[in-house]
Amino acid sequence: MEKKNPCIVAVPTPGLSHLIPLVEFAKRLLLLPHNKDLHVKLLIPTLGPPSSSMKSILNNSLPPNTSFTILPQINVQDLTDAKSQQPSVQMQQTVKHSLPFIHQELTSLIISTNHNLVAILFSLFSTDVLDLAKEFNLKSYLFYASGATLFSFCLHFPQLDQEADNSTSKSLLELTHPVHVPGCGVPFQVKDLPDPTLFDRSSEVYKSFLDVVSKYSLVDGVIVNTFTDLEPDAVRALQQEEHNRRKSNDPFVYPIGPIIQTETSSEVNRLECLTWLDNQSPKSVLYISFGSGGTVSQEQLNEIAFGLEMSGHKFLWVVRAPNSYGGSAYLNEQKDDPLQYLPSGFVDRTKGQGLVVPSWAPQIEILAHGSTGGFLSHCGWNSTLESVSHGVPVIAWPLFAEQRMNAVLLKDVLRVAVRAEANEDDGIVRREEVCRVVKRIMEESEQVLEMRKRIKELSDDAAAALTENGSSMKALSSLSLKWQSTI
């Protein structure tokens with residue numbers, strides 16, 4: 001009888017920031033010497049048609065022994081709360097509506113003559129896949145593309161909800177004390193918690209989030225995109241808690257990061273950006289990007305532009321068409337020319353000072369470039385890991401989701417960031433504040449030198465974690481051998 005090759009199925013949460021780490025994880029997993037026969041199959045739920053960026057990644061970046069199926073697209077009108085702009089709800093419901101298609105694909109794989117399905121991985125808002133894992137008797141693993149601190153919060157969120165229930169609070173915003181997360185040395189103000197937790201507790205957004213995180217403890221293991229030296233206390237607290245709960249010495253949390261892209265898959269704006277950087281002085285350029293889908297309002301766009309101009313510092317700015325909701329471009333591509341929304345004359349006035357590019361730039365190469373000295377970032381976890389890995393200090397400018405928690409981690413725990421403070425009345429970061437934080441991160445001072453020293457040490461730790469005997473590679477190898485033993 002012909003031997004079947006082991007196969008891992010992975011179901012990413014919709015959105016590039018979830019797909020990219022999963023693709024990079026597959027690359028690293030398949031490089032292990034004992035995995036030469038392993039196959040990784042991506043089953044990709046989509047809300048609407050696949051974006052050009054997604055197609056580029058899937059067609060150009062997948063390693064050998066990896067295949068993918070883009071599942072039939074779900075229409076936003078089919079979702080329970082079609083008008084909700086909250087990505088967390090849209091992502092969770094997109095996966096739920098895709099379950100029949102995932103079931104069909106799993107059935108095909110199991111009856112295949114050349115695959116032996118050993119486990120199913122799914123991303124943080126894809127927990128409904130757990131039902132299929134049980135039905136098909138598969139080991140289930142949460143692929144957590146964010147960090148250990150956020151996972152620790154999510155694991156304890158049902159307890160926080162119970163506390164709010166006991167106090168009859170209609171919203172967590174009514175809580176009067178900071179929230180302590182096991183393994184994190186600083187408390188979080190309630191306003192800095194992830195967006196879905198701040199809605200009314202009876203809302204669909206809140207209930208959807210609670211449902212998702214309540215299932216995290218039911219999986220066989222959690223693969224976390226972090227490394228031990230970045231969040232040592234959080235990793236230790238998670239391992240100890242699960243050891244006490246399960247009465248088992250088997251690992252529950254596998255910190256295998258940093259999983260980031262090593263090169264850019266698209267050529268859009270690449271040559272222009274890198275050629276321009278080649279002509280700048282070392283560490284003289286501030287890179288500004290709000291990730292794969294972050295947006296700001298028209299008023300905020302204007303204030304950023306005027307603040308950059310006032311600062312006099314060099315900048316490379318990825319501009320996206322404005323929208324009052326910070327994640328408006330996360331699941332849907334924008335078609336407008338974003339440069340038309342900049343203040344009149346801005347591009348001409350700053351021609352010698354900065355470079356403005358529409359919608360997208362080769363972030364990996366920019367952060368790795370010697371001319372880049374700072375990163376104004378929305379603090380998504382991918383960008384956070386990229387800034388740490390390349391040793392670039394951050395101006396923290398969180399927009400939505402869990403980004404405010406990441407900003408606290410960068411500024412108050414790791415101490416490698418400054419934070420842009422918004423006006424209390426309207427939430428807008430004024431041009432004077434933009435100018436202030438740009439000068440603070442880009443001009444030589446004792447504080448900035450100390451910040452650069454710390455992030456350089458973290459960068460070295462990140463590289464060490466990925467060596468053959470590094471903490472992350474040991475965790476990955478341990479997990480892989482565990483899968484192999486089930487065959």
Side-chain angles (χ1 to χ4, degrees), residues 273 276-277 279-291 294-320 322 326 338-339 341-343 345-357 361 363 366-367 369-380 383-384 386-388 390-399 403-404 406-407 410-412 414-423 427-455:
C273 292
W276 186 82
L277 282 172
N279 293 317
Q280 310 307 318
S281 302
K283 299 190 183 303
S284 65
V285 176
L286 176 70
Y287 171 56
I288 304 125
S289 174
F290 293 106
T295 53
V296 296
S297 67
Q298 179 66 70
E299 184 178 3
Q300 185 62 84
L301 190 74
N302 292 341
E303 293 298 313
I304 293 172
F306 291 129
L308 290 173
E309 189 174 355
M310 286 171 59
S311 76
H313 282 280
K314 299 276 187 173
F315 63 85
L316 196 168
W317 184 10
V318 183
V319 175
R320 193 169 282 120
L339 302 192
Y341 295 96
L342 291 168
F346 172 78
V347 173
D348 289 334
R349 290 195 307 273
T350 59
K351 205 160 193 175
Q353 179 187 355
L355 176 65
V356 181
V357 296
Q363 179 158 302
I366 290 171
L367 290 174
H369 200 285
S371 294
T372 303
F375 182 16
L376 193 159
S377 171
H378 68 311
C379 301
S383 291
T384 295
E386 288 163 4
S387 65
V388 167
H390 293 290
V392 181
V394 174
I395 296 174
W397 193 306
L399 296 177
Q403 294 161 12
R404 292 181 298 274
N406 294 341
L410 283 166
K411 177 179 177 289
D412 297 331
L414 301 177
R415 303 193 312 281
V416 295
V418 298
R419 187 148 179 190
E421 299 296 339
N423 184 285
I428 298 293
V429 180
R430 298 297 178 193
R431 64 193 69 178
E432 293 82 8
E433 173 67 1
V434 174
C435 179
R436 183 188 72 82
V437 292
V438 170
K439 285 175 175 275
R440 190 171 171 194
I441 205 83
M442 296 304 296
E443 295 180 358
E444 294 288 341
S445 68
E446 186 175 336
Q447 181 188 32
V448 168
L449 291 175
E450 189 63 31
M451 200 179 297
R452 288 179 180 170
K453 178 183 175 183
R454 281 195 296 271
I455 204 163

Do the non-hydrogen side-chain atoms of Pro322 and Ser297 ever get within less than 4.5 Å of each other?
-> no
Minimum-distance pair of heavy atoms, taken over all atoms of Asn406 and Cys379 = ND2-O, 2.8 Å
Atom CD1 in Ile304, atom CZ in Arg431: separation rounded to 0.5 Å?
-> 12.0 Å
Short side-chain to backbone donor-acceptor contact, Arg454 and Arg415, under 3.5 Å = yes
Mind checking whether Trp317 and Phe346 have parallel, tilted or perpendicular rings, split at 30° and 60°?
-> perpendicular
Do any N or O atoms from the side chain of Glu433 and from the backbone of Ala420 form a donor-acceptor pair under 3.5 angstrom?
-> no
Closest non-hydrogen atom pair between Gly294 and Leu399, with its separation = CA-CD1, 3.8 Å
Side-chain contact, heavy-atom cut-off 4.5 Å: Ile441 with Leu376?
-> no
Rounded to the nearest 0.5 Å, how far apart are CG of Leu308 and CD of Glu303?
-> 11.0 Å
Considering only NZ, NE, NH1 and NH2 on the basic side and carboxylate oxygens on the acidic side, decide whether Arg430 and Glu299 come within less than 4.0 Å.
-> yes
Distance, nearest 0.5 Å, that separates CZ of Phe315 from CD of Glu309 | 8.0 Å
Decide yes or no for Trp276 and Val285: does some side-chain heavy atom of the first lie under 4.5 Å from some side-chain heavy atom of the second?
-> yes
Would you indicate whether the side-chain heavy atoms of His313 and Leu286 approach each other to under 4.5 Å?
-> no
Are Leu316 and Cys273 close enough that some pair of their side-chain heavy atoms sits under 4.5 Å apart?
-> yes
Considering all heavy atoms, the nearest Gln363-Ser383 contact = NE2-OG, 3.1 Å
For the pair Glu421 (side chain) and Val429 (backbone), establish whether a donor and an acceptor sit closer than 3.5 Å, ignoring hydrogens and angles.
-> no
Is the shortest heavy-atom distance from the side chain of Val347 to the side chain of Leu339 under 4.5 Å?
-> no
Could you pull out all residues at least two apart from Ser387 that satisfy side-chain contact (heavy atoms from CB on, under 4.5 Å)?
-> Phe375, Val394
Should Glu432 and Arg436 count as an ion pair when the cut-off is N to O under 4.0 Å?
-> no
Please name the pair of heavy atoms, one in Ile455 and one in Val392, separated by the smallest distance, quoted to 0.1 Å.
-> CD1-O, 3.1 Å
Can you tell me if Lys439 uses its side chain to pair, donor with acceptor, with the backbone of Val434 under 3.5 Å?
-> no
Arg440 CZ to Arg419 CZ distance, which is reported to the nearest 0.5 Å | 13.0 Å
Find the distance between NZ (Lys314) and OG1 (Thr372) and round it off to the nearest 0.5 Å.
-> 13.0 Å
Where is the tightest heavy-atom contact between Leu277 and Ser371, given as atom of each residue plus distance?
-> O-OG, 2.9 Å
What closest approach, in Å, do Ala422 and Gly427 show between heavy atoms, and which atom pair accounts for it?
-> CB-O, 3.4 Å
Is the shortest distance from a Lys or Arg side-chain nitrogen in Glu444 or Arg452 to a carboxylate oxygen in the other one below 4.0 Å?
-> yes
Give, for atom CZ of Phe290 and atom CD of Gln300, the distance between the pair rounded to the nearest 0.5 Å.
-> 7.0 Å
